[in-house]
Every structure is written in C-alpha cells, then in structure tokens.
Amino acid sequence: MKIPALKSNRLLLRSLQPEDAAAIETQLSEPMANPGLARALHPDAQGYAAEWINAQATGTRGIALAITESDRFLGTIGLEPSTLRSIGIFAPTIGYWLGAPFWGKGFMQEAVRCLLDWYLPFEPTERIGTSVFEANTRSLKVLEKLGFREVGRGSTYSQLLGKELPDIKLELTAQRYYEAI
C-alpha cells in the first residue's frame, strides 16, 4: 500500500528519508528521549538510524512516517501489522516517539489523530493496540484522550535500560475513537 503524505493543522506525516537519519540520531541520543521506548534505536551505534530507515522502507514491518512541522523533523509514528503481535494481541499496533524539545506542545496527539483519521476508514471494525510503560504518563494521556482503553498490564523489556518495566496495554476501536474526537 502506498502511503500518502498526511497533513494536519501544523504537521506533515511523510515517508522517512535518508536525510532524516541525522535528526533521529541527535534526538534519540538525548537522555530524556529514550526511556519511554521499548525498542529504542541504540544511541551509541553510529549509523543505526540510516539502517532503521532502510529497513522501514521495505514496508514489511508496517507503516513508518516522519513527523515534521515546517520541514523540521520532530519524531516518527507508525503502525505495525497484526501479524507481528509485538505486544501480545492480534491487532495492528501504533507506536511513536517525539524529540524531547517538542514535548508538551500537542504535536503527538495531533500526529496520532492524523494517522488514525487516515487509517480507520480502511479498517472501520479494526482494533488498534499499543503498549506504554507505566511511568510514561504523557503518552498515556495522549492515548486516553483519543479513546484508547486499558486492556491489561504486564511488563516489557526496555532495551535501553536492560530490564523489564511495568507496562499498560491499551486498545482502540473505531467507534471509541470517533466518540472521543
């Protein structure tokens, strides 16, 4: 499926480009940026972002988009197919991260909404899942405002911290999403 560039009021969600690698490496090397990511790109490995972008371009792991504002790279957002079952449920999963300088400005809620506005009409009966570390209250608030509801708790291994952390598994239905917005 060819993914079009998606526009919201302030943001453009577009395909990742090789030139995004430098911004990804810079933003994820910030100590504050990584703790909320279960599968963080390793901030010490030179060239890791370019390898990740190339892997995303195959489309076999779902949809991965750059979040930009006025040509400024802010972070990424994507959907993994249900067949990957990365959080233990058979549903597509949404994931994202935003560079620390852009936190608290409503960008992530806008980006998630933009992606869901595009995706849900294709799969109106689909559930979408996600998982968030319990301590990541900002992300939890973004998801709850858009209609995601808790469906379980468990733990997920944090590659960055090298240990299991408590997490909350959430799910969204199209009906709940349209009621929330």
Side-chain angles (χ1 to χ4, degrees), residues 3-17 19-20 22-41 43 49 52-53 56 62-80 87 91-124 126-151 156 160 165 167-181:
I3 310 302
L6 308 175
K7 294 180 183 178
S8 67
N9 289 338
R10 299 178 293 170
L11 304 176
L12 174 67
L13 310 184
R14 58 158 175 79
S15 298
L16 290 161
Q17 304 297 320
E19 54 271 15
D20 296 329
I24 291 171
E25 289 186 9
T26 299
Q27 289 179 18
L28 289 180
S29 67
E30 294 284 325
M32 288 177 48
N34 270 323
L37 301 174
R39 290 174 291 161
L41 302 171
W52 181 76
I53 289 169
Q56 299 306 308
I63 299 166
L65 300 169
I67 303 168
T68 64
E69 179 203 35
S70 303
D71 295 326
R72 182 172 55 160
F73 185 90
L74 308 180
T76 68
I77 188 167
L79 287 166
E80 288 185 340
I87 63 168
T93 56
I94 192 167
Y96 50 77
W97 66 269
L98 194 65
F102 312 111
W103 293 356
K105 296 175 173 64
F107 289 129
M108 191 49 70
Q109 185 170 345
E110 188 173 331
V112 172
R113 186 172 176 182
C114 184
L115 182 59
L116 292 175
D117 284 348
W118 171 79
Y119 179 77
L120 285 175
F122 291 110
E123 299 287 348
E126 188 78 79
R127 298 173 300 136
I128 296 175
T130 195
S131 180
V132 61
F133 286 129
E134 206 173 71
N136 192 348
T137 57
R138 285 179 186 248
S139 187
L140 190 57
K141 285 179 185 175
V142 165
L143 296 165
E144 288 174 339
K145 284 179 183 177
L146 294 172
F148 281 83
R149 296 293 175 257
E150 182 177 331
V151 294
T156 299
L160 183 70
L165 295 176
D167 72 357
I168 302 169
K169 294 182 182 5
L170 301 115
E171 200 171 79
L172 176 72
T173 63
Q175 179 181 346
R176 274 203 317 266
Y177 174 68
Y178 293 122
E179 288 170 359
I181 61 167

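Values in this document were obtained by computation on a predicted structure and should not be read as measured data. Note: hydrogens, waters and symmetry copies are ignored here, and every other heavy atom, side chains too, is used.
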Is the shortest side-chain heavy-atom distance between [X] and [Y] below 4.5 Å?
X: Q109; Y: L146; answer: yes
X: I67; Y: M108; answer: yes
X: L11; Y: C114; answer: no
X: V142; Y: F148; answer: no
X: F73; Y: L16; answer: yes
X: F107; Y: L98; answer: yes

Taking atom [atom1] of [X] and atom [atom2] of [Y], what is their separation to the nearest 0.5 Å?
X: L6; Y: Y119; atom1: CG; atom2: OH; answer: 13.5 Å
X: D117; Y: K7; atom1: CG; atom2: NZ; answer: 15.5 Å
X: E144; Y: L172; atom1: CD; atom2: CG; answer: 12.0 Å
X: E171; Y: E150; atom1: CD; atom2: CD; answer: 12.0 Å
X: Y178; Y: T173; atom1: OH; atom2: OG1; answer: 10.5 Å
X: I77; Y: L115; atom1: CD1; atom2: CG; answer: 5.0 Å

So with a 6.0 Å cut-off around CD of Q175, is the heavy-atom count from everything else above 12?
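Atom CD in Q175 is not packed in, count stays at 12 or less.
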Is the number of heavy atoms from other residues, nucleotides or ligands within 6.0 Å of NZ (K105) greater than 12?
yes
So, T130 side chain and I94 main chain: donor-acceptor pair closer than 3.5 Å or not?
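Flag set: sc T130 to bb I94 pair under 3.5 Å.
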Side chain of Q17, backbone of S15: donor and acceptor closer than 3.5 Å?
yes
Exactly one candidate in L65, T76, V112, L79 meets side-chain contact (heavy atoms from CB on, under 4.5 Å) with Y96; the answer is V112
Closest approach of [X] to [Y] (non-hydrogen atoms, all atoms of both residues):
X: A180; Y: G147; value: CB-N, 3.7 Å
X: P92; Y: R127; value: CD-O, 3.2 Å
X: D167; Y: S131; value: OD2-OG, 2.8 Å

Does the pair R10/E69 count as a salt bridge with the N-to-O cut at 4.0 Å?
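No, this pair does not count.
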Begin from the C-alpha positions of I128 and L120 and carry the test side chain to side chain contact (heavy atoms under 4.5 Å, CB included) through to its verdict.
CA-CA 9 Å; I128 296 175; L120 285 175; 3.8 Å; yes
Please lay out, stage by stage, how L116 and I181 fare under the test side chain to side chain contact (heavy atoms under 4.5 Å, CB included).
CA-CA 11 Å; L116 292 175; I181 61 167; over 6 Å; no
Could you check whether W118 and F122 have their ring centres less than 6.0 Å apart?
yes
